[in-house]
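Notes follow once the structure below has been shown.
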Amino acid sequence: MGIPEVAAYLQGQFHEVQGWCIPHLWNLIQPLHEWQEANGIHGPVGEIGVFHGKFFIGLALTKKGQRPHLALDVFDMQQFNLDGAGKGNRAAFEANLAAAGFGPGEVEIRRADSMAITRAELDEIRALCGGFSMFSVDGCHMAEHTINDFRIAMDLTRPGGVIFVDDYLNMDWPGVQEGLARLYLTDCPRWVPFAYSSNKLLCAHISHAGAMLRHLRTAVAEMFPEATIRMVRRFGYDCLNLRPDMKGRRYTADA
Ligand SMILES: C[S@@+](CC[C@H](N)C(=O)[O-])C[C@H]1O[C@@H](n2cnc3c(N)ncnc32)[C@H](O)[C@@H]1O
């Protein structure tokens, strides 16, 4: 269980790491992690678009002990960052990882354009990491990249896992919403939306989405009574909207 380490990170180093992430996200991640533990869903975490590691380190600490986690970014190949949303920096990322206590072999770092990843490379990642328990899509925000990166996430994340899509409702990055709309209105993906909070859409494998949502509704209400929950439908699927108490610093609940 990595939640004590996550709590320390969110109250401390998190605020020194550059990037874009709202720590109240753990109002959802903690109960989902507990559901995964109770249901035998293990595995490392992955992210496309790690930047300096703000969200990645929190996810990897949540799953501390699983290895290797996957960190993928174009880093210095910024010619492939077509919308210029944050310039990844490998040195800063590695320094932040080390400060968070990650050692050799715990994180597989790949310098790559997600649009150019081949089937063979994806198979290699799966053989190395196994299926991911949590995967974050936060690279380039164009519709094409969102669709491509979400498909990679669906491919590499194990059923019972969670896929996070950043900036889904951010008015400055409409490509993210457009990409997912194209995907859900023209296709019928196996991964479906089931929660939204703090700038991220959460998707689950359709076979597990109902159970995960039922757990979230009960667990979040018990663990974070200061948060507000509203149920909506997205693309025909039940989805929990969570508004955390942003004035407070209750990112995780005591175990
Ligand atoms: C908004 S930042 C990510 C923020 C980060 N997740 C955090 O927690 O702060 C976007 C990142 O995506 C990377 N990126 C952009 N285009 C990419 C691509 N085609 N393939 C892989 N990474 C890409 C950028 O270099 C940048 O580091």
Side-chain angles (χ1 to χ4, degrees), residues 6 9-10 12-26 28-29 44-63 69-97 99-100 102 107-119 121-122 124-125 132 134-153 155-157 162-180 197-203 251:
V6 177
Y9 168 69
L10 294 178
Q13 187 196 358
F14 178 87
H15 300 279
E16 311 299 323
V17 178
Q18 280 186 47
W20 297 269
C21 175
I22 297 170
H24 299 83
L25 263 171
W26 267 264
L28 288 182
I29 295 174
V45 305
E47 182 170 50
I48 295 176
V50 294
F51 192 60
H52 293 199
K54 201 173 183 79
F55 186 46
F56 178 85
I57 290 172
L59 278 189
L61 286 172
T62 305
K63 300 295 177 181
H69 304 293
L70 172 74
L72 191 147
D73 202 293
V74 288
F75 293 122
D76 60 318
M77 300 191 301
Q78 285 295 314
Q79 68 272 29
F80 302 124
N81 180 358
L82 299 190
D83 67 1
K87 293 187 167 75
N89 179 322
R90 186 164 182 159
F93 175 66
E94 288 184 348
N96 289 331
L97 268 188
F102 288 94
V107 180
E108 167 78 5
I109 303 177
R110 297 239 169 171
R111 172 177 170 265
D113 171 11
S114 65
M115 295 300 266
I117 288 187
T118 62
R119 183 69 255 165
E121 284 171 287
L122 292 180
E124 192 187 306
I125 289 170
F132 294 106
M134 295 189 174
F135 197 100
S136 162
V137 172
D138 196 7
C140 181
H141 298 67
M142 290 170 62
E144 292 84 349
H145 292 70
T146 302
I147 292 172
N148 175 73
D149 295 356
F150 191 73
R151 284 191 174 132
I152 291 174
D155 212 13
L156 295 180
T157 308
V162 185
I163 298 175
F164 301 84
V165 183
D166 193 56
D167 285 322
Y168 176 64
L169 294 179
N170 187 329
M171 65 180 179
D172 289 330
W173 305 111
V176 178
Q177 194 177 53
E178 185 186 324
L180 285 191
S197 187
S198 307
N199 212 31
K200 294 193 196 285
L201 183 70
L202 279 64
C203 295
Y251 312 137

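Each residue takes its place number in the sequence, starting with 1. For ligands, and for the atoms within them, numbers begin at 1 and follow the listed sequence.
- Each of the following atoms of ligand 1 lies closer than 4.0 Å to a heavy atom of Asn81: 15 (C), 16 (N), 24 (C), 25 (O).
- Taking SG of Cys21 as the reference point, atom CZ of Phe51 lies at 12.5 Å (rounded to 0.5 Å).
- Protein heavy atom closest to atom 3 (C) of ligand 1, with residue, atom name and distance, is Gly49 O, 3.2 Å.
- When every heavy atom of Cys140 is checked against every heavy atom of Leu82, the shortest pair comes out as SG-N, 3.9 Å.
- Taking the ring centre of Phe14 as origin, the terminal cationic atom of Lys54 falls inside the region bounded by 6.0 Å and 45° from the ring axis.
- Results of the side chain to side chain contact (heavy atoms under 4.5 Å, CB included) test with Leu72 over Asp113, Ile109, Ile117, Asp149 single out Ile117 as the only residue that passes.
- Applying the 4.0 Å criterion to heavy atoms of Ala85 picks out, from ligand 1, the atoms 1 (C), 2 (S), 10 (C), 11 (C), 26 (C).
- Only the side chain of His145 comes within 4.0 Å of ligand 1, counting heavy atoms alone; its backbone N, CA, C and O stay farther away.
- With a 4.0 Å heavy-atom cut-off, ligand 1 is reached by the backbone of Ala112 but not by any atom from C-beta on.
- Taking distance alone, with nitrogen or oxygen atoms compared against 3.5 Å, Gln78 approaches ligand 1 more closely than that limit.
- The main-chain N or O of Gly139 is found under 3.5 Å from a side-chain atom of His141 such that the two form a donor-acceptor pair.
- Among all non-hydrogen protein atoms, the one lying nearest atom 18 (C) of ligand 1 is Val74 CG1, 3.5 Å.
- When only non-hydrogen protein atoms are considered, atom 4 (C) of ligand 1 lies nearest to Asp138 OD2, 3.3 Å.
- For the ligand labelled ligand 1, residue Glu47 lies inside the 4.0 Å heavy-atom shell.
- Residue Val50 has at least one heavy-atom neighbour below 4.0 Å for each of these atoms of ligand 1: 5 (C).
- The N/O atoms of Asp73, backbone and side chain alike, include one that comes under 3.5 Å of an N/O atom in ligand 1.
- Considering backbone and side-chain N/O atoms, Phe75 never comes within less than 3.5 Å of an N/O atom of ligand 1.
- Within the model, atoms CD of Glu124 and CZ of Arg110 stand 4.5 Å from one another, a figure rounded to the nearest 0.5 Å.
- When every heavy atom of Ser198 is checked against every heavy atom of Leu25, the shortest pair comes out as CB-CG, 3.8 Å.
- Interface atoms of ligand 1 facing Gly86, defined by a heavy-atom separation under 4.0 Å, are 24 (C), 25 (O), 26 (C), 27 (O).
- Closest approach of Asp138 and Lys200 over heavy atoms only: OD2-NZ, 4.3 Å.
- Geometrically, ligand 1 and Gly88 share a nitrogen or oxygen pair separated by less than 3.5 Å.
- Looking only at protein heavy atoms, the nearest one to atom 20 (N) of ligand 1 is Ser114 N, 3.0 Å.
- Atom numbering of ligand 1 starts at 1 in the shown order; those under 4.0 Å from a heavy atom of Cys140 are 15 (C), 16 (N), 17 (C).
- The protein heavy-atom contact nearest to atom 9 (O) of ligand 1 is Trp20 N, 2.8 Å.
- Using a 30° and 60° split on the angle between ring planes, Phe102 and His69 fall in the perpendicular class, above 60°.
- Near Gly19, with a cut-off below 4.0 Å to any heavy atom, the atoms of ligand 1 are 9 (O).
- If you check which protein heavy atom lies closest to atom 19 (N) of ligand 1, you get Asp113 OD1, 2.9 Å.
- A pairwise comparison of heavy atoms in Val176 and Tyr168 identifies CG1-CA, 3.7 Å as the closest pair.
- On a distance-only criterion, Cys21 and ligand 1 share no N/O pair closer than 3.5 Å.
- Between Gly46 and Phe132, the shortest heavy-atom distance links the atoms N-CD2, 3.7 Å.
- Taking both residues in full, the closest heavy atoms of Gln78 and Gly86 are given as OE1-O, 4.2 Å, listed atom of the first, atom of the second, then distance.
- Phe93 and His52 have their aromatic ring centers separated by at least 6.0 angstrom.
- When only non-hydrogen protein atoms are considered, atom 8 (O) of ligand 1 lies nearest to Phe55 N, 3.0 Å.
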